[in-house]
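For reference, the structure discussed in these notes is given below.
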Amino acid sequence: MINDLKILTLLAGMAILSAIVRAKNFAQACIDAVLGFIMGYSLYLVFDMFDISEPAKCGCACVVVIFARPLYDTLNNFIVLRLCNLITARIEKHE
């Protein structure tokens with residue numbers, strides 16, 4: 001249980017610090033901190049299903065926490081701009 005609390009504290013602290021560095025106002029900092037924590041902890045839980053060492057799981061989750069906002073923006077732009085074109089091209093190809 002202590003190990004879980006250490007990991008949660010680490011992820012939460014990194015999410016808060018990365019949000020403070022990147023944010024322009026308080027509301028954006030709160031949103032970025034929550035987004036980073038949720039993305040990092042979700043990845044940590046996904047890695048928990050596989051046989052991966054604890055430092056590797058924690059390290060990958062921390063990287064995702066640090067880059068949560070750029071990852072979110074990149075995936076959002078991909079969905080909005082590229083995915084619609086890919087689906088449309090695939091539909092036209094099969095018609």
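A continuous path of ILVMFWY side-chain contacts below 4.5 Å connects Leu45 to Val63, so both sit in one hydrophobic cluster. Under a hydrophobic-cluster definition in which Ile, Leu, Val, Met, Phe, Trp and Tyr are linked whenever side-chain heavy atoms come within less than 4.5 Å, directly or via other members, Val64 and Ile16 are assigned to different clusters. Tyr72 and Leu75 fall into different hydrophobic clusters, defined by Ile, Leu, Val, Met, Phe, Trp and Tyr side-chain heavy atoms under 4.5 Å apart, directly or through other members. The hydrophobic clustering, which links ILVMFWY residues whose side-chain heavy atoms are closer than 4.5 Å, places Leu35 and Val21 apart. Hydrophobic clustering places Phe50 together with Leu43 (ILVMFWY residues linked when any side-chain heavy atoms are closer than 4.5 Å, directly or through intermediates).
Here the CD1 atom belonging to Ile87 is positioned 14.0 Å from the CZ atom belonging to Arg82, to the nearest 0.5 angstrom. The distance from atom NZ of Lys93 to atom OG1 of Thr88, rounded to the nearest 0.5 Å, is 14.0 Å. Separating the CD1 atom in Ile7 from the CG atom in Asp48 is a distance of 8.5 Å, to the nearest 0.5 Å. Distance SG/Cys84 to CD1/Ile79: 9.5 Å, rounded to 0.5 Å. Rounded to the nearest 0.5 Å, atoms CG (Leu83) and CG (Asn76) are 11.5 Å apart.
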Show, in sequence, the C-alpha distance, side-chain angles and deciding distance for Phe26 and Ile31, and conclude whether the side chain to side chain contact (heavy atoms under 4.5 Å, CB included) test is met.
CA-CA 9 Å; Phe26 181 72; Ile31 291 169; over 6 Å; no
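Shown here for Leu11 and Ala61, the closest heavy-atom pair between the two residues is CD2-CB, 4.0 Å. The minimum heavy-atom distance linking Gly36 with Ala15 is given by the pair C-CB, 4.2 Å. Annotation for Ala33 and Ala19: closest pair N-CB, 3.5 Å, computed over non-hydrogen atoms.
Between Leu8 and Phe37 the shortest side-chain heavy-atom distance falls below 4.5 Å.
Every residue two or more places apart in sequence or in another chain that forms a side chain to side chain contact (heavy atoms under 4.5 Å, CB included) with Leu10 is listed here: Met14, Cys58, Cys62. Thr9 pairs by the side chain to side chain contact (heavy atoms under 4.5 Å, CB included) definition with nothing, not counting sequence neighbours. Under the rule for a side-chain hydrogen bond (donor to acceptor under 3.5 Å, both in side chains), the partners of Tyr44 that lie at least two apart in sequence or sit in another chain are Glu54.
The backbone N or O of Met39 sits nowhere less than 3.5 Å from a side-chain atom of Ser42 that would complete a donor-acceptor pair.
Under a 4.0 Å N-O distance rule, the pair Arg22/Asp32 does not qualify as a salt bridge.
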